[in-house]
Amino acid sequence: MPELPEVEVVRAGLAPAVTGARIAAVDVLDVRALTRHDPSSGDFEQLATGATIGAAVRRGKFLWLPLDSAGGPRAIVGHLGMSGQLLLRTPDHPGDDRHARIRLHLEHPAHGELRVDFVDQRTFGSLAVDRLVPTADAEIAGFSGEATGEWARLVPTQVAHIARDPLDPAFDDDLFFHRMSRRASGVKRVLLDQGLISGIGNIYADESLWAVALHGEQPASSLTRRRRLDLLRAVRDVLGKALVEGGTSFDEQYVNVNGESGYFAHSLNAYGRAGLPCPRCGTPMVREAFMNRSSHRCPRCQRLRRPRAARGR
DNA sequence: CGAAAGACCTGAGTGC
DNA sequence: TGCACTCAGGTCTTTC
């Protein structure tokens with residue numbers, strides 16, 4: 001499942017190939033890939049065709065390509081959902097992809113013709129052309145490597161409500177701690193709430209909680225400031241390590257080959273380890289139902305600690 | 001505003 | 001062989 005590190009690998013792989021490229025043509029093979037596109041603003045193909053891409057930008061799990069199109073600043077916004085891939089290909093790559101949804105035919109001044117294929121088996125991902133609006137805090141909208149431009153402090157409308165991710169220099173730690181303190185729900189739910197902190201999915205939530213020995217159902221408001229600091233540090237550590245592994249394991253070949261390989265190449269301490277010994281204490285890990293999905297934890301290290309007042313009988 | 005539940009979607013795997 | 005079911009889960013929408 002693409003979370004922040006995986007999306008960043010895609011962004012970094014795409015950036016040198018698409019920056020400065022002109023979109024010569026667009027093929028929409030499956031309209032379900034446009035579910036996030038607002039047709040009242042114009043037709044996706046028409047808005048994208050002829051535009052030149054300024055960069056590849058990411059916030060959390062959202063990715064966007066600012067366009068130089070007329071009629072106000074816009075971008076192609078992408079979300080990979082659960083199974084989406086953005087694959088960089090040569091123009092003659094066979095079109096036999098069963099799950100290819102959208103193709104962008106590009107002309108790059110230095111690299112010539114190339115193609116970006118949006119491939120998505122489960123169709124939870126999508127592309128859209130969206131307007132860019134100023135960021136609420138006037139800071140840089142997202143991560144775009146070294147690239148910069150007039151789009152730098154503009155964010156797609158559909159990403160505006162998404163919180164900054166914890167690797168963003170403009171992420172406000174104290175704001176996050178404050179909002180956390182007002183949440184009675186479990187701390188895992190808070191980590192997955194993209195409106196509070198973005199980029200974390202089920203895998204890295206479980207990994208981060210394991211790293212600081214926290215139970216996911218522990219009420220967020222019950223954590224001391226010290227625990228919150230530890231947790232945020234663990235989140236950054238887990239995401240950062242996955243990013244390094246993702247970067248080294250697929251290198252620049254990644255987008256040319258296969259977006260899925262390498263997603264789980266890094267070592268996991270909790271996710272998917274039900275029945276296996278906890279790497280810290282050796283106790284068999286457990287898998288529990290959580291919000292229509294699964295949580296993985298060590299029943300010994302990660303125990304629920306009820307607040308004193310609520311500890312009954 | 002927060003919290004929780006439902007909807008969306010396809011393919012692999014399992015049990016009968 | 002076929003059928004029903006479960007699981008994978010990110011985000012948006014609805015309801016309270």
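All chains are named by letter (A, B, ...) in the order of the sequence lines, taking the proteins before the strands, and each is independently numbered beginning at 1. Since the model is a prediction, treat every value here as computed from it, not as a measurement.
Side-chain N/O atoms of A:Ser185 include one lying less than 4.0 angstrom from OP1 or OP2 on B:dA3. Residue A:His79 has a polar side-chain atom (N or O) positioned under 4.0 Å from OP1 or OP2 of C:dT11. Checking the phosphate oxygens (OP1, OP2) of B:dG2, no side-chain nitrogen or oxygen of A:Arg179 falls inside 4.0 Å. Contact annotation: A:Asn292 side-chain N/O to C:dG9 OP1/OP2 distance is not under 4.0 Å. A sub-4.0 Å separation between OP1 or OP2 of B:dG11 and a side-chain N or O of A:Arg98 is present. Side-chain N/O atoms of A:His161 include none lying less than 4.0 angstrom from OP1 or OP2 on C:dT11. Phosphate proximity of B:dG11 to A:Gln121: absent, as no side-chain N or O sits under 4.0 Å from OP1 or OP2. Residue A:Ser294 places at least one side-chain N or O closer than 4.0 Å to OP1 or OP2 of C:dA8. An OP1 or OP2 oxygen of B:dC8 is reached within less than 4.0 angstrom by no side-chain nitrogen or oxygen of A:Arg36.
Ring stacking is absent between A:Phe124 and C:dT11, as the pair misses the limits of under 5.5 Å between centres and under 30 degrees between planes.
For A:Glu288, the CD atom counts as densely surrounded, since its 6.0 Å shell holds more than 12 non-hydrogen atoms of other residues, nucleotides or ligands.
Between A:Lys61 and A:Asp165, the closest side-chain pair of non-hydrogen atoms is not below 4.5 Å.
The residue among A:Arg32 and A:Arg183 whose nearest nucleotide of DNA chain B is located toward the 5' end is A:Arg183.
Looking at the side chain of A:Asn202, the nearest of the listed nucleotides C:dG10, C:dA8, B:dG2 is C:dG10. With distances taken from any side-chain atom of A:Arg293 to the nucleotides C:dG10, B:dT10, B:dA3, the minimum falls on C:dG10. Among the nucleotides C:dG9, C:dC12, B:dT10, the one closest to the side chain of A:Phe62 is C:dC12. Comparing C:dG9, B:dA4, B:dG11 against the side chain of A:His99 picks out B:dG11 as the nearest.
Under a 4.0 Å N-O distance rule, the pair A:Arg225/A:Asp174 qualifies as a salt bridge.
Each of A:Lys188, A:Arg183, A:Arg179 was evaluated against A:Asp193; a single residue qualifies, A:Arg183, per the salt bridge (Lys or Arg N to Asp or Glu O under 4.0 Å) test.
Between the side chains of A:Asp27 and A:His105, at least one donor N or O lies within less than 3.5 Å of an accepting N or O.
For A:Arg122 against C:dA8, a side-chain N or O and a base N or O form a donor-acceptor pair under 3.5 Å.
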